[in-house]
Structures are given as C-alpha cells and as structure tokens.
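Convention: sequence-line order gives letters A, B, ...; per-chain numbering from 1.
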Amino acid sequence: MTVHAPITPAAGCSEPVVQRQRGQHAVFCGLTGIIWMHRKIQDAFFLVVGSRTCAHLIQSAAGVMIFAEPRFATAIIEERDLAGIADAHEELDRVVDQLLSRRPDIKLLFLVGSCPSEVIKLDLGRAAQRLDKRFNPGCRVLSYSGSGIETTFTQGEDAALAAMVPGLPASGTSDASLLIVGALADVVEDQFRRLFGEMGIRNVAFFPPRHSTDMPSIGPGTLMLLAQPFLAETARLLETRGAVRLAAPFPLGVEGTTGWLAAAAAAFGVQRGTFDAVTSGPRERAGKALARYEPELGGKSVFFFPDSQLEAPLARFLAREVGMRIVEVGMPYLHRQHLAPDMALLPPGTLITEGADVDLQMDRCRAARPDLVVCGLGLANPLEAEGLNTKWSIELVFTPIQGYEQAGDLAELFARPFNRKARLKVGARPSRTAFTRSEAESCN
Amino acid sequence: MQLTVWTYEGPPHVGAIRIATAMKDVHYVLHAPQGDTYADLLFTMIERRDKRTPVTYTTFQARDLGGDTADIFQRACLDAHERFKPAAILVGASCTAELLQDNPAGLAAALNLPVPVIPLELPSYQKKENWGASETFYRLTRALLADRAQGFVRAERAAGKRPSCNLLGPTALGFRHRDDITEISRLLARLGVDVNVVAPFDASVADIARIPDADFNICLYPEIADVTVRWLERAFRQPTIRTVPIGVGATTDFIHEVVKVAELDPAVAETVIGSRLPWYSRSVDSTYLTGKRVFIFGDATHVIAAARIATEEMGFTVVGVGTYTREFAREVRALAETLGVEALISDDYLEVEARISELQPELVLGTQMERHIAKRLRVACAVISAPVHVQDFPARYSPQMGFEGANVIFDSWIHPLMMGLEEHLIGMFRGDFEFSDNATPSHLGSGHGSHTAARTVAEPMAAEIPARPAAAAASPGAMPPPTTGTSIIWATDAELELKKIPFFVRGKARRNTERFAILQGVDLITVDTLYDAKAHFGR
C-alpha cells in the first residue's frame, strides 16, 4: 500500500531556469552553524581553531551577547603558532586540556577547522584522533571544517553531522527504522515524533541528537528523511553506512510537510486512511493559519539573495501556499538531487541563481523592485533605506518553521515587514541623523 | 594559541573597515574569504547604517588557491573602482589572505588606478581592531598629505581670524562618537574656535587634504588618532590637545588647554563651563553613592576618564581598573598606582570575570562583556566603552564628552544602582517575601540572573582564582582572599544570619567575615564572628 504524493510534479516545460554566477559572495562561512549546533547538542563543545576574525565572526553573527555560558570558543592562532606546525599541535593540546578541565561536563568536543587552519594545513583530523585517544571515554573528540573557503553558512552543520556519521553505532537488525537528519527545534521534533507515532512509525530517531550519548544506530534498515536541504555530505556518508534516503520536499508549509511525512508513510507501508486520519487535523489547522496571511502576501513579488539553501523550498512555499510571485531565487549552490522534489513544484520558469556576484544581484534586485527581498543582515538596512521591504534570511534558520504547526508562523515571518510598514506613519526614509551628526543638535 | 570565549576587539582589518565606513568616499578592497563579509553587519545592524559598507571582499575559495588568487584580487580592485568610483582606495588582506602572500600592495599598484591607492599592512596574528583603525587612519592621512608635508611652512594666523582645529579619531562603530563630535563642536564654537575638519567620521578624501589648514588638532580618541596626531605635529607643526574631555574635571581642563593653545582670552572659559553633575552629586540625595565600590574596565581612554569621574565627581571608591587596550597599558597601570589598586591588562574575558567575581564590586563600569558578567553575578553595571552593542547607539542625543556628556554619565551610572531609600528599606525589612533571594531585584530587570543561576556561575569562577598573597590581603582597602583553600566552617545560625543580609552585599559580607576569621585564627564562624567582622571592617 502506498500513499500518493499529494501533488504530482508537473513535467518538462516547468523546469526552473538555472543561471550560475561567480563573484563577490556575501554569505557567512560554515563556522556560523555553531550558533545553533552548540545549543542543539547539549553536551557538545565547538572549539574553532582559527584567527581572531573567526572568534569575532561567531560572536557578531550571534547578533547579541548570549546570556549563558556558550559551548563554543576559539583557539586563536598567533604569530608564534605560524612558525612551525608541530608547535601548533602542542599548543592545541594545551588549549584542549585547559578547556576540558574547565568544562568537565563536555562529552563531545569538535575541533572546527577554519580558513587559516586550512591554509596552513593544520591537520585537525590527526589532532582529533590523538586527543580522542587521551580523553575517550569521557569525552569524544571529532573534527570538521567550517572554513569559508570550503563551506558556506549552513554547510557547517553538514560538516559537523558528517563528522559524527562514522562513529554512529551499527544497528544489529535490518528492521526498518526512520532517521530524521538535520537540526530541528526541539518542539518541532516532538511534533513530528507524535505524528509518526500516530501513523504507527515508532522506531524514529533524530540526528543530531540532543545529547551526544544518544547517537542513533545505522544499518541497512535505516530509512532517512532529510529535514534540511544542506546536508549533502552527511546524506552521502549515511548512504555508505547502508541508510536509504527517501526523496521528499522539505517540510515547510502544509504541502511540503505533507509530502515529507508521506514519503516516510509510503516507505513504512502506512495505510492511506491512517495517514489522512493522522494528518487531516493538523493540515486543516495549518491551512487556517495560512489563510490569514494570503490576503497580505498574495500577488506580491519576492526576491531571494543566496544564504542558507532553504531558498528553493521557501520559494515553493511562498508561491504555492500564499500566492507570492517569485522574481529570483538566489542560492549559494544547488544540490539538484536533494532539492528535486521542491524544484519540481516551483512555478514554471522560476529563475534560480546558483552562486552569486552580490553587486550584480543588487543591480537586478533594484531593477526589479520586488515587494519583498529576503537577504542577509549586511544588505537589509541598505535595501530598506532604498525603500524596499526586507526579511532577514538568518531568521529563517534560527526560528522553528518546519511542520504543520509552524506553517502559519513561517508565513507570518514574511508578512511582518508588510504589517510593520502598514503600521508606521513616520519616516519612509531614514533620517540622516540616525548614524551621523544631527544638524539640529549641532545648532547652539 | 589562545583560548578565547568572547573577544573585546575584532581583527585589525575590522579597524580598517571602521575607518573606510566612517568616510564618505573611500573604498576598501579586502583580499578575504566569504566568511569575512560578516563585518558588514556590524555596521548595518549594530550601528543601523543605511548604506552597504564600502568594502569589496575578494571571497576566494579553496578551488582558487591552486590557481590565481592574485588575479581575483586585481579584478576586484578594477570592479570596485569602476562601480563605486571612490576618491581613494585602501587595499589589504585579512588573516587568511595574509597567509597566501599575494601582495595586495604590489598588485594594486600595478593597475595604475587614477585615484590614490593606499596599501595596508595589518598583521592579523599579532594586532587587533583598534590598532588596525589607528594604522589605517595614519597611513591614509600620511598618503594623502605626503605632498603637502614637503617643505611645509606654517604661516602665522592672520590677525582677527578665528582659531581653528581638527577633531581627530571618531570612527564608524565608535562608542558615542556621533554625539561626542556634536557636543565638542558646540563647545568649541562657544569658545570661538572653528572646527576645520572632523576625521575620519563623515570626512571625504578632500577633507583629509585640508587637515594642515587648522591651527591645532584635538585627539578625541587616542586609540584611533594618537599615531596620526604625532605625525601631524612633526609634519605640519600642529600642536595637539590631548586631554580627553569626558567628565566635568576633564572637560574643564580641556577648555583651559584649548584657551591656551588657541591663545584665547582666558575669561571666555568661564562663560562655557557648566554641568548639572556637580550639584546632582552634592545634593543630599546622592549621599548613598558615597564609597560605592566600583570596578572599571574598557578601552584605556574611557577607563581613565571613568576613574576620575568615579573618584572626584561621584564619590565612589574604585576597587579595580583594567583595559583590553595593550597599546595604552602603561597609562592604565599608572592610573591604578594612583588609585592603590592592581591594573588588569587583559583581553581574556574569563580573567576579567574572575577579577570581578573576586572583588565583589557594587557597580561595574565596563563594556557589553562586563554587562554580561555583571548580570550573571547580579551586580549593577553601566556601559562606558566599546565593544559596542546595538544599545550603544541610542536614538536620543547621548554624548559622553563635554558637559552634556557628564550629565549623561551621571544618569547612566546611577540608574542601575538602588536608590538610597530603596536600599534602606531592604536593610530594614529583610523578611519581606519580595526581598527574598529568589525575587529578581528591580534594577536588574526581569528574567535574568535568578539566584541559583548566579551562584552556579559564580562558584566555579571563584574556584579558579589563585589564592592571593597574605600581604595583599592585609593591606588596607585590599580585597578579602577567596574562600577556597580554607578550612573555615560556618555555624548554622551564622549562615542563617548571613542570609538576612541583602543579596547585593552578602558576598562581600561573607568574604569579609571569612577573611576576619582567618586573621583571628577562628575555625568556626558564629553569629558573633559575623558581627565582629562587621565592626572590624566597617561598611
């Protein structure tokens, strides 16, 4: 018994148009993923081996000072470390000693490579092996690269998860189990677990786990469902361990969530009636929540600057569930296989730009004057000052947006700039005094 | 390698970006990987700037490393010049590109661009943000004024012409620089002094070229402008006013210095002096401020100014000072000596946290980092210095400098403190359930620093502090030694009595009592020991 995918992908002429660009990027590097990963795995610590820039980046990208002890830090490479590599390894051992004696609660330590550590070819894999021998059991030590010369923004999560895959326990059985791959908010995980449970899929694990001691086991019976669209390497490594990837749209919006759940339901032989019974309530609720935003968003145009890889599924959601018009979907890179179900649902001829030249993209954006621009923090205020509405893309990564119960919240994030603009009766343009000297104040 | 949780300063190229962003027509071509573009959001988000930062990042990738990253850099220079048409271009490398040794200076020079191209050598693995800003401002000024410096002869100021000066040092992302410039310009105007150029804030390349036209320079922010004004003194015989006008006393000194250097009628000084701070501080309402124990940390300029205000203008007792600005460590050490405390010269946030935890001040004057620490330790805090936060760019006019700055400082330092009567009431009615340990004190706002959280944080930190030598502990005014390593036991009734002391002085009472017990050779602390210690140390 199979479940029909609720939407049949249209064929042929509906293919999105993909253009590739090279030039100046304005995207974070993979280190940024530490901001959510260090909260997701509660006994893990991320030690970046990098420069002062790396430390400053994570601190600044977090946007605020975090009022709790962070489970990340930077081992800042100094002039004397550059003199010889052997010395750098001893230094790293000393820093890790210092760190673990300060934080004995840490059970999993990631050594995170950066641009400088990659360029000087500091072998963190070897360092992790050496340190793992010393501290395991007690604390496992792994390594990955979050460097901006190899990874962009959300690829940091991919690299961190991929680093954990070889150490996942092998399942002794070929019984079917479901593995959800990609960090989700705890509340979203709980909702999905409930829905799967009601469908009768009880053997469900989430990766990454909330605690490093709860690593899921992998085997030939493992069926995996990607919860995030940026996990190319993790998925590849899980496949080499025998896991089978279930193709599905990503669980954004009603349609995406239904398609995503249906892929699991089909693989686990869930009856159509059961699937409908379990999902119809939440679907209806989500539909109601979305209906509120359709009048505000319907017919409005949206332009995506590249950021998180979520752009394609988000564009699909905005086009099909709230009726927005897609001008351009900028993406850092395009993983055609993982995104195929979402791409197939994009309106015919949707323009996707892979990679970017930020200046050229700014030109296109200004020319198109979309109703809404989804972009990074460096561009948002400048575009607002030009009279464009913006939505910070980073908020879409840091907010629970997946699943039925969050579909309305997701639409609200896009509606909020319009809502705000409608409320404000002051200053369509920023006063020059916002960041420069006030003429009034200069007067005596 | 240095283990770093939070950093006070970014890398030196961020300092260079602060100069470029402050100016109107300078563009910075930075050889850097894509991650370094995060620096843009410092300006667009924290400072709410409405334009993109004038920086082109080459954003080379791993696949480019085997090929020609130098070519990428040159193309970025040409594109930036073509697109943004700057009046001058800064070129340099961030930490990663520095390792590639592509030589941005030579590559840019080879392009023969029709505008000045100023190469920056900012060693990322040695130096930090403020140094980078200072070096950039110096290199830029020097490059743009090199021709004028040749055989420069300073003409006498024409009779009847108003004296003029330059305000040097304010940058983008500076702590209240925007309003300080306004306040000091206004003060100078009332004295009869014209401001020739403000730089780098809102300055153009043409403005920089006019710097030598002024009679003297005012070094508002030594961290940024000190190197530049030293060169201007030599190259253009321009004297420098070095008193930083933060606080009533320092502003008054500044005015007298301006009067002298500008050869003004000394009587004019009296016509501009005035702030509400002196009377507010002398009014009896402020009695409760007397001897409040404060810890001061930040950049050297703001720390030195804050120490003077704290002691001379607020009547506080400074129990510790420190700075992350190693370039001005000597000045802060000298200050500490006059205050009879030990200077903490460190950019290690954990070390600063340990010191605050050890000193148990009643008020912390620090940066956003110390605000973070103070919240966790449940100590009041006011922010006096960069690194900045979006809150440090208030909508209202809020200078630190000049007499209005002194008013602003008075308000912002006392607001986090409990007012006199509130403090008395808590002292009298300790049993009130809303004064209990678990009620969040009103001045710390809601939702932060519950008692349990504060203790669990404070304890491990205290445990890391090495025992201080006995000599230091015995000297008057020195802090009590930490509780670690002692075998003193608190009797149950003494422990209960201690709990009746308001939470914001309880840590101090505990430490003083334990220190007293050590001095007296007492192993068991009783209620009597507690009150004996109180009598011994006084408030």
Side-chain angles (χ1 to χ4, degrees), chain A residues 24-29 31-32 49 51-57 59-61 63-65 67 69-70 73-79 81-82 88 91-92 94-95 98-99 115-116 118-120 147-150 152 359 376-382 384-385 430 434-438 441-442 444, chain B residues 1-7 10-11 13-14 33-38 40-42 44-45 47-53 56-62 65 76 79 83 94-96 99-100 123-126 128 178-179 181-182 185-186 189-190 202 368-369 371-372 375-376 389 393 397 448 457:
Chain A
Q24 185 190 331
H25 295 225
V27 184
F28 289 139
C29 63
L31 294 181
T32 330
V49 182
S51 63
R52 182 167 299 283
T53 315
C54 306
H56 199 235
L57 156 89
Q59 170 173 335
S60 307
V64 288
M65 303 291 164
F67 285 85
E69 176 105 0
T74 308
I76 294 185
I77 299 170
E78 294 167 310
E79 192 71 18
D81 301 309
L82 296 172
E91 283 290 295
L92 184 56
R94 182 182 58 75
V95 167
Q98 190 187 347
L99 174 70
C115 299
E118 294 295 328
V119 170
I120 64 171
S147 96
I149 55 177
E150 288 159 321
T152 137
D359 290 319
L377 299 173
L379 300 178
N381 268 335
E384 287 279 346
F435 39 84
T436 186
R437 280 178 287 161
S438 151
E441 283 157 1
S442 301
N444 285 316
Chain B
M1 275 180 206
Q2 194 199 352
L3 180 62
T4 305
V5 179
W6 300 112
T7 69
H13 70 258
V14 167
Q34 65 177 349
D36 292 12
T37 60
Y38 81 90
D40 287 352
L41 75 88
L42 302 171
T44 59
M45 297 303 291
E47 203 175 6
R48 302 172 202 262
R49 282 193 175 253
D50 68 346
K51 288 195 174 64
R52 289 176 64 198
T53 51
T56 295
Y57 304 84
T58 55
T59 62
F60 57 84
Q61 293 175 291
L65 293 181
D79 287 351
R83 175 172 283 266
S94 79
C95 48
T96 306
L99 301 169
L100 304 183
S124 304
Y125 300 92
Q126 295 170 26
K128 288 178 288 187
R178 172 194 76 186
D179 295 341
I181 299 166
T182 302
S185 301
R186 187 186 287 181
R190 291 175 63 197
D202 263 359
Q368 290 292 337
M369 307 288 186
R371 190 169 72 96
H372 178 184
K375 273 205 173 182
R376 289 166 49 168
H389 184 275
F393 293 90
Y397 180 57
H448 291 293
V457 169

Spacing of [atom1] belonging to [X] relative to [atom2] belonging to [Y], to within rounding of 0.5 Å:
X: B:Met369; Y: A:Gln59; atom1: CE; atom2: CD; result: 4.0 Å
X: B:Leu99; Y: B:Ser124; atom1: CG; atom2: OG; result: 8.0 Å
X: B:Thr96; Y: A:Glu118; atom1: OG1; atom2: CD; result: 10.0 Å
X: A:His56; Y: A:Thr74; atom1: NE2; atom2: OG1; result: 11.5 Å
X: A:Ile76; Y: A:Glu91; atom1: CD1; atom2: CD; result: 13.0 Å
X: B:His372; Y: B:His389; atom1: NE2; atom2: NE2; result: 10.5 Å

Can you tell which part of [X] gets under 4.5 Å to a heavy atom of chain A, answering side chain, backbone, both or neither?
X: B:Thr56; value: both
X: B:Leu3; value: both
X: B:Tyr57; value: both
X: B:Arg52; value: both
X: B:Thr37; value: side chain

- prompt: Checking heavy atoms, do the side chain of A:Val27, its backbone, both or neither come under 4.5 Å from chain B?
  reply: both

task: Would you mind checking which part of A:Thr152 comes under 4.5 Å of any heavy atom in chain B, side chain (CB onward), backbone (N, CA, C, O), both or neither?
output: both

Pick from [options]: which one has the most heavy-atom pairs with chain B under 4.5 Å?
options: A:Asn381, A:Leu31, A:Thr53, A:Leu99; value: A:Thr53
options: A:Leu377, A:Leu92, A:Val119, A:Ile149; value: A:Ile149
options: A:Val95, A:Leu379, A:Ile77, A:Leu57; value: A:Leu57

query: Shortest non-hydrogen contact from B:Tyr125 to A:Pro116?
result: OH-CB, 3.3 Å

- prompt: At their closest point, which heavy atom of B:Thr59 faces which heavy atom of B:Gln34, and how far apart are they?
  reply: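 Heavy-atom minimum between the residues: CG2-CA, 3.5 Å.
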
message: Looking at chain A, which one of B:His13, B:Lys128, B:Arg83 has the largest number of heavy-atom pairs inside 4.5 Å, strictly under?
response: B:Arg83

